[in-house]
Number of protein chains: 2
Amino acid sequence: MSVTIRDVAKAADVSATTVSRVFNHSDLVHSDTQERVRNVANRMGYRPNATARSLSHGRTQTVGVILPAPHGEFFSEIIRGIDEVAQEAEHYMLISSSHYSLSESEAALQSLQGRVDGLLIMTIQADAQRGLLDEYAIDVPVVFMNNASESLPYNSFKIENRAGAYAATQHLIERGHRRIGIILGPPHSHDVRERRTGYRAALHEAGINPDAQPVIEGDFTQASGYEAGRQLLDLDALPDAVFSCNDYMAIGAMSALQKGDVRIPTDLAMAGFDDIPSAQYTTPSLTTIRVPVYDLGRRAAERLFSMIHAAEPERPRQTVLPTELIVRAST
Amino acid sequence: MSVTIRDVAKAADVSATTVSRVFNHSDLVHSDTQERVRNVANRMGYRPNATARSLSHGRTQTVGVILPAPHGEFFSEIIRGIDEVAQEAEHYMLISSSHYSLSESEAALQSLQGRVDGLLIMTIQADAQRGLLDEYAIDVPVVFMNNASESLPYNSFKIENRAGAYAATQHLIERGHRRIGIILGPPHSHDVRERRTGYRAALHEAGINPDAQPVIEGDFTQASGYEAGRQLLDLDALPDAVFSCNDYMAIGAMSALQKGDVRIPTDLAMAGFDDIPSAQYTTPSLTTIRVPVYDLGRRAAERLFSMIHAAEPERPRQTVLPTELIVRAST
DNA sequence: CGTTATGAGTGTAACGATTCGCGATGTGGC
DNA sequence: GCCACATCGCGAATCGTTACACTCATAACG
């Protein structure tokens with residue numbers, strides 16, 4: 001086996017406690033002793049056992065992250081934000097993906113419990129959060145990275161889906177478009193529902209009948225966006241513009257449309273949602289609604305660490321993340 | 001505090017041993033008792049403490065993943081591959097990013113030791129692997145996700161960088177291009193060096209002087225590719241074609257060039273490397289060298305678990321991942 | 001000189017689970 | 001009536017570390 005604290009203690013002719021102190025509260029031990037212990041430890045290749053350490057003082061130096069998926073630029077940016085903060089706080093990231101499934105996400109919540117100091121979670125269905133923490137007796141701090149029902153005493157972040165989609169659609173209307181289609185995301189997604197609502201509200205307000213517009217289903221992937229683009233091409237008449245519920249699908253759709261000789265934005269204007277990094281490098285660059293994705297990761301993580309370090313439990317807060325219309329060349 | 005195994009034992013009127021047996025070697029306890037214990041455990045919300053369990057039988061159910069960065073479609077796909085396998089094996093992923101720094105990556109290697117059952121690592125400099133595992137007395141299985149020096153007894157995967165870059169460049173030459181620039185990645189990257197070598201070899205073989213071609217530096221990001229594109233526009237004469245050391249930079253460069261009214265592929269042909277998911281959805285779609293990125297993650301993880309479960313230490317193998325030229329519309 | 005502080009270090013009991021050896025039952029078969 | 005077997009309890013050890021309550025010397029002080 002590997003070398004333990006007692007081996008070092010014996011070799012350095014001190015007690016295990018002293019060795020432990022050297023590595024933790026080094027101010028409590030004489031500098032000579034300290035040096036001797038460190039030398040011996042290095043020579044023997046001693047590495048404190050993280051697991052034992054965790055068991056002993058109840059901290060794992062790890063935060064759990066539950067996301068619908070571990071890949072793609074959206075989640076990727078969230079992870080980057082969390083990673084940044086976690087490294088500063090000397091914590092590790094335990095990433096678990098729920099594959100857009102509610103049950104998997106609850107399973108992860110349960111089984112991560114006990115191996116992390118706190119949890120960052122993004123669910124697909126907001127209503128699924130109802131009583132979740134009580135139900136599974138979660139006793140570590142939890143921050144939801146998407147909107148919890150406001151009545152729940154959970155920390156959460158809320159993306160302004162409705163307002164964003166409204167702004168995007170309104171922008172398309174202002175550009176003179178009347179026939180404006182939509183590409184939807186996964187049907188159970190709360191974000192998608194809210195975005196659709198915003199889209200419909202804008203149309204309605206402009207005297208355009210939302211129910212007369214082309215609606216195409218997608219699943220947030222580029223591939224599904226591409227497929228959506230092909231479906232648009234098959235329509236009797238192309239819409240003037242399309243609002244896509246996320247950027248990835250918008251990019252996929254633009255690709256299909258352009259292959260079908262549709263010029264963007266001349267023949268059809270396209271707007272997306274999220275403002276993922278790639279959105280500004282498409283041709284034409286993509287008009288979209290900026291969501292501070294990286295910030296979401298950062299701030300959620302910061303909140304979590306603040307809770308972890310707090311002596312008193314803090315009052316849960318629901319933070320709203322503002323969205324912003326970014327007009328680029330696709331509209 | 002949370003409910004322990006002894007609490008459950010007391011409530012179910014059995015011994016702690018029995019409760020432990022129920023959750024581990026359930027065949028040793030009567031089915032009636034088992035059911036009773038499970039019911040009580042559920043009712044009380046008992047979750048075995050993962051940390052204590054790990055300490056006890058020396059397994060953490062966790063694998064460590066060290067990558068240059070946790071985001072972007074390339075690393076993202078690797079993570080997806082690993083995640084898939086890890087979930088099957090009921091293991092968690094502890095992700096640590098080295099920010100393209102050698103020292104950070106070694107620090108991660110050290111500090112992850114003891115909290116994981118195995119490690120998957122991707123370094124930027126292959127020579128940095130020399131003796132790494134011995135030096136830090138790593139005693140868990142390790143798989144390198146990029147090429148280790150062949151002489152080292154490490155498990156590793158090797159991307160055919162040279163052959164890939166060679167094929168891409170040759171393809172550009174076959175298309176009739178003579179002036180073929182290159183966009184480089186981070187200077188210390190082993191992959192970049194090999195890709196550049198392949199590029200130069202192809203040029204040389206076709207009687208084209210590699211030293212007379214435009215060389216632009218990048219750092220693998222879309223932003224740096226965009227900047228590279230602008231630099232190309234500033235040249236006295238545009239090259240006929242450009243080979244970019246990865247797709248992200250190719251995408252950025254295309255964006256800048258197209259904004260400068262350069263038509264692709266008519267005025268300039270562009271080839272990338274990696275075949276990240278987005279590569280097929282650009283306009284024009286990107287000719288590139290496919291690297292089985294997702295498979296890399298999968299196979300590295302599979303290898304790792306095979307080592308973790310193996311009774312005898314296995315003989316290290318170096319696996320070569322073949323690359324493939326994917327011709328699309330950008331050339 | 002006796003009393004207190006203070007610094008340096010020790011011993012031991014947790015932390016929560018697993019595991020082992022053994023022993024104590026009870027049951028059924030022959 | 002005896003034996004094998006299944007089921008379960010009990011105590012103790014183990015995993016490696018940290019926290020708590022001490023001891024022991026030396027210095028400082030009035």
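Within every chain, numbering begins at 1; the chains are lettered A, B, ... in the order of the sequence lines, protein sequences first and strands thereafter. Values in this document were obtained by computation on a predicted structure and should not be read as measured data.
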I'd like to know if the side chain of [X] and the backbone of [Y] have a donor-acceptor N/O pair within less than 3.5 Å.
X	Y	result
A/His190	A/Ile124	no
B/Thr60	B/Asp117	yes
A/Gln61	A/Glu90	yes
B/Asn39	B/Arg36	no
A/Ser54	A/Arg59	yes

Rounding to an integer number of Å, can you tell me how far [X] [atom1] sits from [N] [atom2]?
X	N	atom1	atom2	value
A/Ile5	C/dG9	CD1	P	15 Å
B/His30	C/dG26	NE2	C1'	12 Å
B/Arg115	D/dG16	CZ	P	16 Å
A/Glu35	C/dA8	CD	P	15 Å
B/Asn49	D/dT17	CG	P	17 Å
A/Leu28	D/dC20	CG	P	12 Å
A/Arg6	C/dT10	CZ	P	14 Å
A/Asp32	C/dG7	CG	C1'	13 Å

Indicate whether any N or O donor in one side chain lies under 3.5 Å from an N or O acceptor in the other, for B/Ser189 and B/Tyr100.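 The answer is no; no qualifying pair exists.
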Could you tell me, to 10°, how much the axis swings from one end of the helix from C/dC1-D/dG30 to C/dC30-D/dG1 to the other, five pairs per end?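 So the angle between the two local helix axes works out to 50°.
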Heavy-atom count around B/Glu88 CD within 6.0 Å, excluding the residue itself: above 12?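 For B/Glu88, atom CD is crowded (more than 12 foreign heavy atoms under 6.0 Å).
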May I ask you to list the residues of residues 50-63 of chain A, by number, that have any heavy atom positioned under 4.0 Å from an atom of DNA chain C?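 Nucleic-acid contacts, sorted: A/Leu55, A/Ser56.
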Close residues, residues 11-25 of chain A, relative to DNA chain D [heavy-atom separation under 4.0 Å]: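 Heavy-atom cutoff 4.0 Å gives A/Thr17, A/Ser20, A/Arg21, A/Asn24, A/His25.
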Are B/Arg38 and B/Tyr46 in a cation-pi setup, meaning NZ or CZ lies under 6.0 angstrom from the ring centre and within 45 degrees of the ring axis?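 Judged by the rule, B/Arg38 and B/Tyr46 form no cation-pi pair.
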Is B/Glu77 salt-bridged to B/Arg80, going by a charged N under 4.0 Å from an acidic O?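 Looking at B/Glu77 and B/Arg80, the cut-off is met.
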Output the distance between atom OG (A/Ser105) and atom CE (A/Met122), rounded to the nearest 0.5 Å.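 It is 11.5 Å, given to the nearest 0.5 Å.
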